[in-house]
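Here is the structure we will look at.
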Amino acid sequence: MDHATVLALFDREMREGARPFGLDSVVERVGRVVRHVGPEKGWNGVLWSDLSEADADAAIAEQVRHFTGLGREFEWKLYGHDRPVDLGRRLRAAGFTAEPEETLVIAEVGELDLDVRPPQGIELRTVTDAAGVDLMAEVHEQAFPGADNSRFRHLLLTQLAEEPDTVVAVVALADGVPVSSARMELVPGTRFAGLWGGGTAEAWRGRGIYRALVAHRARIAADRGYRYLQVDASDDSRPILERLGFSRLTTTTPYVYAAS
């Protein structure tokens with residue numbers, strides 16, 4: 001896999017050419033910025049920018065005015081190769097707060113070893129309704145203490161109801177008890193499927209469940225014709241993904257601007 005070529009393709013298809021995350025959202029291009037405007041409980045933020053030292057501060061100020069005018073908290077999703085090189089510093093100076101840095105890892109589906117099965121006693125169940133979303137939320141409460149489950153639930157329930165072909169959600173059960181879960185975002189017209197939300201209850205980590213969930217979703221992506229898998233990987237998940245065949249392409253940091 002040519003890293004530079006794939007990263008440029010990712011920027012073009014998934015960032016600059018982004019699609020709305022739901023029927024109640026829009027993607028807007030304003031100058032050299034592409035932003036996603038969703039409902040109050042949806043995702044709002046900047047997906048792509050191509051700025052210079054001369055115009056970066058004005059572009060940041062314009063996005064702050066727009067989203068605060070809507071009463072929305074929003075995120076500026078900054079990638080390690082974005083310009084200008086001090087864009088992160090400029091965002092902090094404008095009132096944004098940086099969340100933990102993650103690593104963008106990408107794999108070509110055809111190059112992955114997908115012969116990975118769940119550990120003994122673990123059932124992988126596809127989520128299609130509110131009851132399944134409740135099971136996933138139960139896992140999230142254990143895996144990500146303090147996370148805002150209301151936003152997660154709204155997004156997933158909306159997708160399952162309105163655009164079920166764009167999401168695959170899976171929960172791992174041990175004797176009927178949810179112990180891990182994850183989802184996959186499928187963007188029609190692109191070559192990328194995104195793996196998101198993988199979380200495992202602490203007592204069940206280190207047993208191969210996360211690895212099995214990755215392989216399970218990768219097989220589905222392959223069946224549906226997607227060429228690449230993309231993950232914003234934490235320090236915990238990145239080593240597992242690299243062992244499966246994912247490659248580091250850049251970093252990504254969420255810069256959040258709180259609604260007043």
Side-chain angles (χ1 to χ4, degrees), residues 1-19 21 36 43 45-49 75-83 87-88 98-116 118 124 140 143-144 147 152 166-170 172 180-187 190-200 205-255:
M1 184 175 72
D2 184 314
H3 291 189
T5 298
V6 173
L7 183 58
L9 180 65
F10 174 81
D11 281 343
R12 186 166 63 250
E13 290 193 351
M14 304 300 289
R15 301 182 64 205
E16 186 177 6
R19 279 73 164 173
F21 298 168
H36 184 277
W43 191 85
V46 172
L47 291 164
W48 174 89
S49 66
E75 174 184 320
W76 191 300
K77 197 164 175 59
L78 179 66
Y79 288 79
H81 59 292
D82 287 345
R83 296 294 181 267
L87 186 52
E99 296 192 342
E101 179 183 273
E102 296 180 314
T103 304
L104 174 68
V105 297
I106 293 179
E108 193 160 358
V109 176
E111 296 180 355
L112 294 174
D113 177 10
L114 301 182
D115 189 21
V116 179
L124 301 187
H140 270 238
F144 308 110
F152 159 76
T166 67
V167 62
V168 172
V170 187
S180 186
S181 68
R183 72 183 193 278
M184 177 168 64
E185 304 283 346
L186 303 166
V187 185
T190 76
R191 282 158 278 195
F192 292 87
L195 305 186
W196 299 94
T200 303
R205 293 172 188 167
R207 306 190 189 194
I209 301 174
Y210 177 77
R211 178 184 171 95
L213 282 169
V214 171
H216 176 79
R217 289 173 290 167
R219 288 191 292 270
I220 295 172
D223 289 344
R224 298 194 186 183
Y226 287 85
R227 183 172 180 179
Y228 299 105
L229 288 176
Q230 165 255 323
V231 188
D232 290 352
S234 67
D235 289 342
D236 291 330
S237 60
R238 180 179 51 77
I240 301 171
L241 293 164
E242 289 180 327
R243 288 195 292 271
L244 285 169
F246 284 76
S247 297
R248 285 182 269 185
L249 269 64
T250 188
T251 59
T252 178
T253 305
Y255 279 81

Might you work through the side-chain contact (heavy atoms from CB on, under 4.5 Å) test for Leu249 and Met1, ending with a clear yes or no?
CA-CA 11 Å; Leu249 269 64; Met1 184 175 72; 4.1 Å; yes
Could you walk me through whether Ser237 and Val214 pass the side-chain contact (heavy atoms from CB on, under 4.5 Å) check?
CA-CA 11 Å; Ser237 60; Val214 171; over 6 Å; no
What closest approach, in Å, do Pro254 and Pro100 show between heavy atoms, and which atom pair accounts for it?
CD-O, 3.6 Å
Say you draw a straight line from NE2 of His36 to CG of Leu47; how long is it, rounded to the nearest 0.5 Å?
7.0 Å
Hey, does the side chain of Arg183 reach the backbone of Val167 with a donor-acceptor pair shorter than 3.5 angstrom?
no
Report yes or no: do Trp43 and Glu75 form a side-chain donor-acceptor pair below 3.5 Å?
yes
Tell me, do Phe144 and Phe152 make a side-chain contact under 4.5 Å, heavy atoms counted?
no
Atom NE2 in His3, atom CZ in Arg248: separation rounded to 0.5 Å?
10.5 Å
Scanning both residues in full, the closest heavy-atom pair of Ala107 with Leu112 reads CB-CD2, 3.7 Å
Leu7 and Leu104, any side-chain heavy atoms less than 4.5 Å apart
yes
Salt-bridged, Lys77 to Asp232, with N to O below 4.0 Å?
yes
So how far is it from Phe10 CZ to Thr5 OG1, rounded to the nearest 0.5 Å?
15.0 Å
Check whether any side-chain heavy atom of Asp236 lies under 4.5 Å from a side-chain heavy atom of Arg205, and answer yes or no.
no
Between Leu186 and Ala193, what is the shortest heavy-atom contact and its length?
CD2-CB, 3.6 Å
Side-chain contact, heavy-atom cut-off 4.5 Å: Met184 with Leu229?
yes
Just by distance, do the side chain of His81 and the backbone of Thr250 share a donor-acceptor pair under 3.5 Å?
no
Any side-chain heavy-atom pair of Thr190 and Arg19 under 4.5 Å:
yes
Phe246 versus Glu111: any side-chain heavy-atom pair under 4.5 Å?
no
Could you give the distance from OG1 (Thr200) to OH (Tyr210), rounded to the nearest 0.5 Å?
8.5 Å
Do any pairs count as a salt bridge (Lys or Arg N to Asp or Glu O under 4.0 Å) and have a residue in residues 4-15, sequence neighbours left out, and if so which ones?
Asp11-Arg15, Glu13-Arg191, Arg15-Asp82
Please report the shortest heavy-atom distance between Ala182 and Gly198, naming the atom on each side.
CB-CA, 3.8 Å
Please report the closest heavy-atom contact between His140 and Gly197, naming both atoms and the distance.
NE2-O, 3.7 Å
Hey, does Ile106 have a side-chain heavy atom less than 4.5 Å from the side chain of Phe192?
yes
Is there side-chain contact between Tyr228 and Leu9, with at least one heavy-atom pair below 4.5 Å?
yes
Mind checking the CZ-CZ spacing from Arg238 to Arg243? Nearest 0.5 Å is all I need.
10.5 Å
Could you tell me the separation between the CZ atom of Arg217 and the CG atom of Leu195, rounded to the nearest 0.5 Å?
4.5 Å
Least distance between heavy atoms, Val109 atom then Ala218 atom:
CG1-O, 3.9 Å
